[in-house]
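In what follows, a single structure is set out as C-alpha cells and then discussed.
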Amino acid sequence: MGVNNLLPLFVAVPLALGFVMPVLGRIKRERILDVLAILGALFLFGLTVLLFRGGDGVYWMGNWKPTLVEGKTLLGICLVSDGLTRLLLLVVNVVTFLVIIFSSGYMSRYTSRGLYYSLFFLMVAGMNGVVLTGDFFNLYVFLEIASIASYALVAFGCESEELEASFKYLVLGAIGTLLVLVGVALLYGLTGTLNMGQVAQILGNAGKMARPAYLALCLFLAGFGIKAAMVPFHAWLPDAHPSAPAPISAMLSGVLIKAIGVYALCRVVFNVFGATTPGVAQVLVAMGIISMVAGAFLMIGQWDLKRLLAYSSISHMGYVVLAVGVAAGVLARGGPSGLAALAIFGGLFHLLNHATFKSLLFLASGAIEHAIGTRDLKKMSGLSKTMPVTSGCTRVASLAIAGVPPFNGFFSKLIIVIAVVWAGHYWLAAVTVLVSFVTLVTFVKVQRCIVQGEPTGSAADAREAPASMTLPMVVLAVICVVAGVLALFFRADLFNPAEDAMIGQSSGYVSRFELPGQP
Amino acid sequence: MPAYLPYLLCMVLLAIGIYGMVAKKNVIKIIIGLAITEYAINMFLVLLGWRGGPKPLAPILAPGQAEQQFLANAVDPLPQALVLTSIVVGLSVLALAVALAVRLYQKYGTFDITEIRKLRG
C-alpha cells in the first residue's frame, strides 16, 4: 500500500513541470530545459516501475476516506491503481520518456522550446490523470487538460495547414468532451454521486438500467469514440496527427488516443456500467470493425507518409476496440471468462504494441523530414544508404505493424484472431485477417519507397539524424522485436491484473473502494 | 410552469449550440456555437442541483439559521462547484479557439471554412 501513496505525483510532477518550463524558457539556455524535461520524464518512468511492486489500491486525496455518516457514505476525491491503470501508465510514461529524448534533438528547428515542453507536460499530466482518476468530474477535467494541450500542440508550428487542422480538431474534440460532460451530469442527477465506484454500485444494485443511464452510456460511447477516433467520429485525426511536429504526432497516435479514448471507454463500459447488455458489445464490435476496414482502405492510396500513418492508427484502434467488444459480448452472454480474458489480452497487447511501433514510425518520419525536408513518399528513396539507422528502424516497425512474425504485431493480431474465432464470429475473423493483409501491402509500399532503391535528389545528401533522435528509435525498435515473445512470458505480471480488472466488471471495481455499507 | 420546462429549454439551447458548431460555415459562428453549447451544459448542471421546495436557499449557512431548515431547503452546492470548474475549462477552450481564428484569418484572409481547405481527406 505504501507505493500507492505516490499516486498523486503522476499528475503533480508533470503539472509542476508544465508551469516551470515557460518561466525557465526566459533564460536563453535551452539545454537546461532539455535536461529538466528528460529528468522529469525519467522520474515518471521510474515511478511507474515502482508502482508495479505495489498491489491494487486507492489513494484518497487529503485522507478523506469513505465514512458512514447517518446512513450515508461520504467520501473525497480518489486516485485508483489497478492492473489496467498500471498497464496504461507504463505505456504512457515509457513513450513519453523516449519522445522527450527525441524532442531534445528534433525541436531545434522550432522556437520557444519552453512553451513546447510546457504543453507537452500538461498533456502528460492530463493523460496520467485520466488513467488514474476514480471520480467522474476529474475524468472530465483531466480529459480537457490533455485535449486542450494537444489542440495547441497540433498548431505549434503556426503554418496555415497546422492551424486549419488544429481548429478542426478543437471543434470536434470540444463536442466530444461536452458530450462526456452531459453524460457525467446525467449520472450525477441519477445517482447523486460522482465517485465512479459509488456510481457503479448504485447502477449495479438497481439491476435493470434506468433510461437516463442508457442515455449517459450512449453519450460516453460517442464522446470517447470521438477521442479514440473511431469511424464515424474519425474526421479530425488524419488532419491533426500529421500536422503536429513529429514527436507530438508520436504522442498523439502512440498514447493520447489510447489513454483518453480507448482506456476511458473500457473503464466506463466494463467497470462502471458493467458489460451486461449485449447491445453495448455489438456497438463496440461494430465501431471496431468499421474503423479497422475504413482506416485500412483509406490508408492504401496515401502518399504523404504521416497521413498514411494516421489512417493506419484509426485501423489499429479498430483492432483494439473489436477485441474489447468481443470480450464484452462474451461476458454479457455469460460465456467462459477465459475467452473474455484472451480477447482482452489480445486487445491490450495490441494497444501496447501499437504504442511502440506507431510512435517509432512517427519518430522515423520526423527524422526523415528533418534530413530531406519532405514527407512525400515519392520523393524519398534509398535511405538505407544514407540513413542506415533510421531506415533500419523503419523496416523493423513496418514489419511489426504489418504483422510479420516474430515481431510483436504478429502475436497480438494472432491472439485477437484466435479469440474472435473462439467466440464464434467467423466472418469478423476473416475481415480481421483481410485488413491485416491490406496493412502488409501498404507497408511493403512504404518500404519500397523509403528503404530500397538508389538515393536521388535531396535523399542523396541526407545525413543520419543525431544520436538524441536515433537512440529512442533504436530502443523502440528493440522493444518491437522482443516484446512479442517476452509478453507471452510476462502475461502473468503485466496483463493478467489488467484482464482481471476488466473481467471483474463493476462488482470487482466497487470492491476496490472499500465503501462501508450501502450509499 | 411545468417542472420540466427549464430542462427542455436547456436541451433546446444545447441543440442550437451543436447545430451552430456542425452546420455553420463561418469560423466565428462555429465558436459562438461552442460557447452556446457550453452555457447550455452549465445551465443543465445548475438545474440538477435544484431540489424544489417552497423556499429554496442558496447553499450558504447564515449565522443563527436552523440547520434542519437549511438542509431541507438549500439547493445542492456540488453542481455549482462543478459549474465553476467547467466555466474555467470552457473559457480556456474558447480562448484557444479565438486565438486560432485570429491566426487563421491572418493566413487565409477569410473566416469561411469552405475556403480554408488546404488539407484534403
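Every chain is numbered from 1 and lettered A, B, ... according to where its sequence line falls, protein lines coming before strand lines.
Of the two parts of A/L170, only the side chain, counted from C-beta on, holds a non-hydrogen atom closer than 4.5 Å to a non-hydrogen atom of chain B. At a 4.5 Å heavy-atom cutoff, the contact between B/I41 and chain A is made by side-chain atoms alone.
If you take CD on B/Q106 and SG on A/C158, they are separated by 9.0 Å, rounding to the nearest 0.5 Å. Taken to the nearest 0.5 Å, the CE atom of B/M21 stands 4.0 Å off from the CD1 atom of A/I175. Atom NZ of B/K107 is separated from atom CD of A/E164 by 12.5 Å, given to the nearest 0.5 angstrom.
Atom CZ of B/F70 is surrounded by more than 12 heavy atoms from other residues, nucleotides or ligands within 6.0 Å. Counting heavy-atom neighbours within 6.0 Å of B/Y39 OH, excluding the residue itself, gives a total of 12 or less. Enclosure of atom CZ in B/F111 by more than 12 non-hydrogen atoms of other residues, nucleotides or ligands within 6.0 angstrom is indicated.
Of the residues considered (B/S92, B/G90, B/A101, B/P79), B/P79 shows the highest number of contacts with chain A, using heavy-atom pairs under 4.5 Å. Listed options B/T37, B/V22, B/V27, B/L14 were ranked by heavy-atom pairs under 4.5 angstrom with chain A; first place goes to B/V27. Among the candidates B/L100, B/L104, B/L82, B/I30, the residue making the largest number of heavy-atom pairs closer than 4.5 Å to chain A is B/L82.
Between A/F167 and B/I31, some side-chain heavy-atom pair lies under the 4.5 Å cut-off. Residues A/F137 and B/L78 are not in side-chain contact: their nearest non-hydrogen atoms beyond the backbone lie 4.5 Å or more apart. Put simply, the side chain of A/L163 does not reach to within 4.5 Å of the side chain of B/I116, judged on heavy atoms. Side-chain contact check for A/V171 versus B/L34: every heavy-atom pair is 4.5 Å or farther apart.
Shown here for A/A152 and B/L96, the closest heavy-atom pair between the two residues is N-CD2, 4.1 Å.
If you run side chain to side chain contact (heavy atoms under 4.5 Å, CB included) between A/E144 and each of B/V88, B/T85, B/V89, only B/V89 comes through.
Of residues 180-188 of chain A, those residues with a non-hydrogen atom less than 4.5 Å from any non-hydrogen atom of chain B are, in numerical order, A/L181, A/V182, A/A185, A/L186, A/Y188.
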